[in-house]
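Notes for the one structure printed next.
Letters go in sequence order (proteins before strands), and every chain restarts at 1. Remember, predicted model here, so these are calculated numbers, not experimental data. Every heavy atom of this structure was used, including side-chain atoms; hydrogens, water molecules and symmetry mates were not.
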There are 2 protein chains.
Amino acid sequence: MLGKQFRQLITNEHLRISVTELANVTGVSTSQIRYWERKGYISSKQSDKNKNHYFSFLTLFRVATIKHYLDQGFTLATAVDKERQRQELGKVFRTFITDQVKAITQLGPKKGEVILGTLTDDPEKEIYAVVDQKGTRLYSRPVKPDRH
Amino acid sequence: MLGKQFRQLITNEHLRISVTELANVTGVSTSQIRYWERKGYISSKQSDKNKNHYFSFLTLFRVATIKHYLDQGFTLATAVDKERQRQELGKVFRTFITDQVKAITQLGPKKGEVILGTLTDDPEKEIYAVVDQKGTRLYSRPVKPDRH
DNA sequence: AGATCTTTGTCAAATTATTTGACAAAGATG
DNA sequence: CATCTTTGTCAAATAATTTGACAAAGATCT
């Protein structure tokens, strides 16, 4: 199922971006990133000396969070602390995508459905979102019995 | 709100990856990617001749989908056709993330909540997911009246 | 007030990564 | 057999990045 593949792409820990891209997307300069890495606040993957540094999506989230706190006026060390305390909202988001988004199916031209699964306190009800050109709308429906 | 920033990072059309990264993540070789671009099946951003080609996340999804169909035995042209007919599940997914994920909040250490909004056919009920180390669970609750 | 630390920017030499045109090759199709 | 599709490989040229070094501004400490 393609939906599963897409979700794996998003959460793929091997998906990585270059330092320049990280800087462009987050607004944190490459020299800041270099310094933060030297301080041990963030990490990158580098197969050998002089080779490119690559950053994971989770690191991207973390850098964006640290930047958020720096913009609020905190010192770098405090921003890093607060980011750590938040336990990486990026991971929450990733777990949600991986475990809660069950399937993505296509219904027709420019129309699809995202299946979110059953309610924990009402397992007879399944939640799904309809996505089309107007946006998205959330619905519930009774769980269909398995055909096999 | 940080949750919004994270969602913007995922759906950010300016987030881009290099051709080598696209090849690594999708399993499609760089010479295939070059050929597909020459054929007009996919596109990249390139600020000038001889500069790096950069691919958007949506293009990443599309390449992955085309690869999926090639692996099923279709010719390249047919795979591209089928991908076009699917209207890019990646866009469905993106719209879902952008419009349906309302907020991501943190409740405590390694625990958070993803707010999905109200049911269209029952606007008094709000759906949310609790994310923790066990995974995720979906719940509904009455909509709280606004304080402001 | 001076010393020290934090944080970020800039530079240049060295190295890696990518682009590009060209060509080969295998298999499919006409 | 000719032509097209699709992909791989090569090498020269160019871009992108790394790295160590150093400067600078502001905060903090003594």
Sequence neighbours left out, what passes salt bridge (Lys or Arg N to Asp or Glu O under 4.0 Å) with R34(A)? Give chain and number order.
-> none
Whole-Å distance between dT19(D) P and D48(A) CG?
-> 9 Å
Which nucleotide in dT19(C), dT7(C), dT6(D) has an atom nearest any side-chain atom of Q46(B) | dT19(C)
What heavy-atom pair brings E37(A) and H53(A) nearest, and what distance separates the two atoms?
-> OE1-ND1, 3.3 Å
L70(A) CG to dT8(C) P, straight-line distance once rounded to whole Å = 6 Å
On DNA chain C, more 5' by nearest nucleotide between F55(B) and R38(B) is F55(B)
Nearest heavy-atom pair of F55(A) and S43(A): which atoms, and what distance?
-> CD2-O, 3.8 Å
Atom pair distance, as rounded to whole Å: CG in D71(A) and P in dT7(C) | 15 Å
Rounded to whole angstroms, how far apart are CD on E37(B) and C1' on dT18(C)?
-> 13 Å
Between CZ on residue F96(B) and CG on residue L138(A), distance to nearest 0.5 Å | 7.5 Å
So, R137(A) and D121(B), do they make that salt bridge, N to O below 4.0 Å?
-> no
Going 5' to 3' through nucleotides 8-17 of chain D and flagging B where a protein heavy-atom sits under 4.0 Å of the base, S where only the sugar-phosphate is that close, and - otherwise, we get BB----SSSS
For I42(B) and dT7(D), give me the distance from atom CD1 to atom P, rounded to whole Å.
-> 11 Å
Closer than 4.0 Å, any side-chain N/O of W36(B) to the OP1 or OP2 of dT7(D)?
-> yes
Across all strands shown, which nucleotide pairs with dC22(D) by Watson-Crick or G-U wobble geometry, both distances under 3.5 Å?
-> dG9(C)
For dT7(D), does OP1 or OP2 lie under 4.0 Å from any side-chain N or O of Y35(B)?
-> no
Side-chain cluster (under 4.5 Å, hydrophobic types only) that V130(A) belongs to, other residues | I115(A), Y128(A), Y139(A)
